[in-house]
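Numbering of ligands and ligand atoms starts at 1, following listing order.
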Amino acid sequence: MHVFKRIAILQDFLETKRKQKCTIGFVPTMGALHEGHLALMRRAKSENDILVVSIFVNPIQFNNPDDLLRYPRTIENDSKLLETVLCDAVFVPSVEEIYPVPETTIYNFGAIEQVMEGAFRKGHFNGVAIVVRKLFEIVKPNKAYFGEKDFQQRAIIQKMVENYAIPTEIISCEIVREPDGLAMSSRNMRLNETERTIAPQIFKTLKKAVLKKQELSPELMREYVEKQFKKIDAFNVEYVEIADEKHLQPIKTWHETKHARIFVALQLGNVRLIDNIRIF
Ligand code: PAF
C-alpha cells in the first residue's frame, strides 16, 4: 500500500494509473476505521481497479471544538486494517496541505441541509462539502462510497455532485451494525462499558417503531420513538424525525412519499450518536 501525504505526489501516482486505464474507487474517511468503513472499501475494491482511501480529520466540519479534540485518532491500527482490504493508496494529508489558506466557500444546498444534522450542527455540511469536493478534485474517482448511517451527508454529497457536474458516481451503502444492532461508528469506541450496553436500545426502538406503521401516523410514530428514548435517563435526545428519503423533509402522512425513514440523533454521555431506519 502506498502512503501519500502530499497532493502533488498522489496526483502523479493516480495519473499513471489512469493512463493504464485503471478505474479508481474512493472511500473518504476521518480514520478510526471500523467494519463499516471496511465494508465500503471491500465494495470499492471489488468494483474498481484500484482503491484509494483518505484519512483526514476535517477541522472545518466540527461545530463543537471539544468534539474535534476528542475525535479518535488510531492511525497505526487504521494502516493495518487498510492492508486487510488490499487498499492501493492511502492519502493522509496535514491540515495545511488541504487548507493552505483559510476556506471561505459557502454552499447552499437548500432545504435538504436545513433539517436534522444541518439544523443541529451549524456549518457542518458546509465543511463536509468543502473537503469532499476538494478530495474529489484531487483523486478524481470514478466512484466514491458513502455509508447510509450518515444518510443526510450522502444526500448532500449527491446533490453537490449533480450541482457542479462532478464526474464521480456516488455509491450508497447500507449501515453496518454490531451483532446487537448498534450502528457502527468511530464514536462508539468512546462509549464507556455502561453506555455501550445502553446504546443498542437505539436500533431496538427504531425496529419496534417500524412495526407500528399501520397504527400510527408519522407524528405519532415520532412521538413514540421520542417517548421510548426519554424513558432511558442516559439518553439526551436531539431530534427524532420521520422524513421522506429523497428530500429529507418531515412528512405528515404516509401518502406523501414513496420511501420514508426514521432519523434520530442523541447524546449518550458525551458521545453523540445518529441512526436511521427505512420504514418503507
Ligand atoms: O463521513 C465522514 O467520515 C466525513 O464526514 C467525510 C465524508 C470523510 C468528510 O470529512
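- Counting only residues at least two apart or on different chains, the salt bridge (Lys or Arg N to Asp or Glu O under 4.0 Å) pairs with a member in residues 89-102 are Arg6-Glu97.
- A side-chain contact (heavy atoms from CB on, under 4.5 Å) with Leu51 holds for exactly one of Met1, Arg42, Met41; it is Met41.
- For Arg187, the salt bridge (charged side-chain N to carboxylate O under 4.0 Å, His left out) partners at least two apart in sequence or on another chain are Asp67.
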For residues 197-216, tabulate all N or O donor-acceptor pairs below 3.5 Å that involve a side-chain atom, not counting sequence neighbours.
unit_1	atom_1	unit_2	atom_2	d
Thr197	OG1	Thr194	O	2.6
Thr205	OG1	Gln201	O	2.6

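- Of the candidates Glu169, Arg43, Glu47, Tyr145 forms a side-chain hydrogen bond (donor to acceptor under 3.5 Å, both in side chains) with just one, namely Glu47.
- Defined by atom type and a distance below 3.5 Å, a donor-acceptor pair is present between the side-chain atoms of Asp244 and Thr257.
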Which protein N or O atoms sit under 3.5 Å from any N or O of ligand 1? Give atom names and distances.
unit_1	atom_1	unit_2	atom_2	d
ligand 1	1 (O)	Gln153	NE2	2.9
ligand 1	5 (O)	Gln61	NE2	2.9
ligand 1	5 (O)	Gln153	OE1	2.7
ligand 1	10 (O)	Gln61	OE1	2.6

